[in-house]
Amino acid sequence: MELVFSIALIIFSAMMVLLVLLHKGKGGGLSDLFGGGMSSSLGGSSVVEKNLDRLTIIFGILWFVTIVVLGLLLKE
């Protein structure tokens, strides 16, 4: 069981790094390469950025839960 959660932690960690790098920063970001920089000039964020935010939050929660479960499994 520990092996499954360890592999899940590695996958979630890699996805978190990728998703954070895709976010648009002050000077652009890697999201511009994939169309994330196509936000409107009205000040609202694009659908791509909103979905990227949601994915980052979901993977962050999954990452945190995996760490807690692994901690509880290894404590026993």
Inset, instruction - Report the C-alpha distance between L55 and M15 in whole Å, list the side-chain angles of each, state the deciding distance to 0.1 Å, and finish with yes or no for side-chain contact (heavy atoms from CB on, under 4.5 Å). - result: CA-CA 10 Å; L55 278 174; M15 285 301 297; over 6 Å; no

Is [X] linked to [Y] within one hydrophobic cluster, defined over Ile, Leu, Val, Met, Phe, Trp and Tyr using a side-chain heavy-atom separation of less than 4.5 Å?
| X | Y | result |
| --- | --- | --- |
| L52 | V20 | no |
| I67 | F12 | yes |
| V4 | L73 | no |

Legend entry - Sole candidate of V68, L70, I10 that passes side chain to side chain contact (heavy atoms under 4.5 Å, CB included) when paired with F5: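 Testing F5 for a side chain to side chain contact (heavy atoms under 4.5 Å, CB included) against V68, L70, I10 leaves exactly one candidate, L70.
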
Legend entry - Steps toward side-chain contact (heavy atoms from CB on, under 4.5 Å) verdict (K50, V47): CA-CA 5 Å; K50 288 180 184 177; V47 175; 5.7 Å; no

Going from [atom1] on [X] to [atom2] on [Y], what distance comes out if it is rounded to the nearest 0.5 angstrom?
| X | Y | atom1 | atom2 | answer |
| --- | --- | --- | --- | --- |
| T56 | M16 | OG1 | CE | 6.5 Å |
| L19 | R54 | CG | CZ | 14.0 Å |
| D53 | I57 | CG | CD1 | 6.0 Å |
| F64 | L9 | CZ | CG | 12.5 Å |

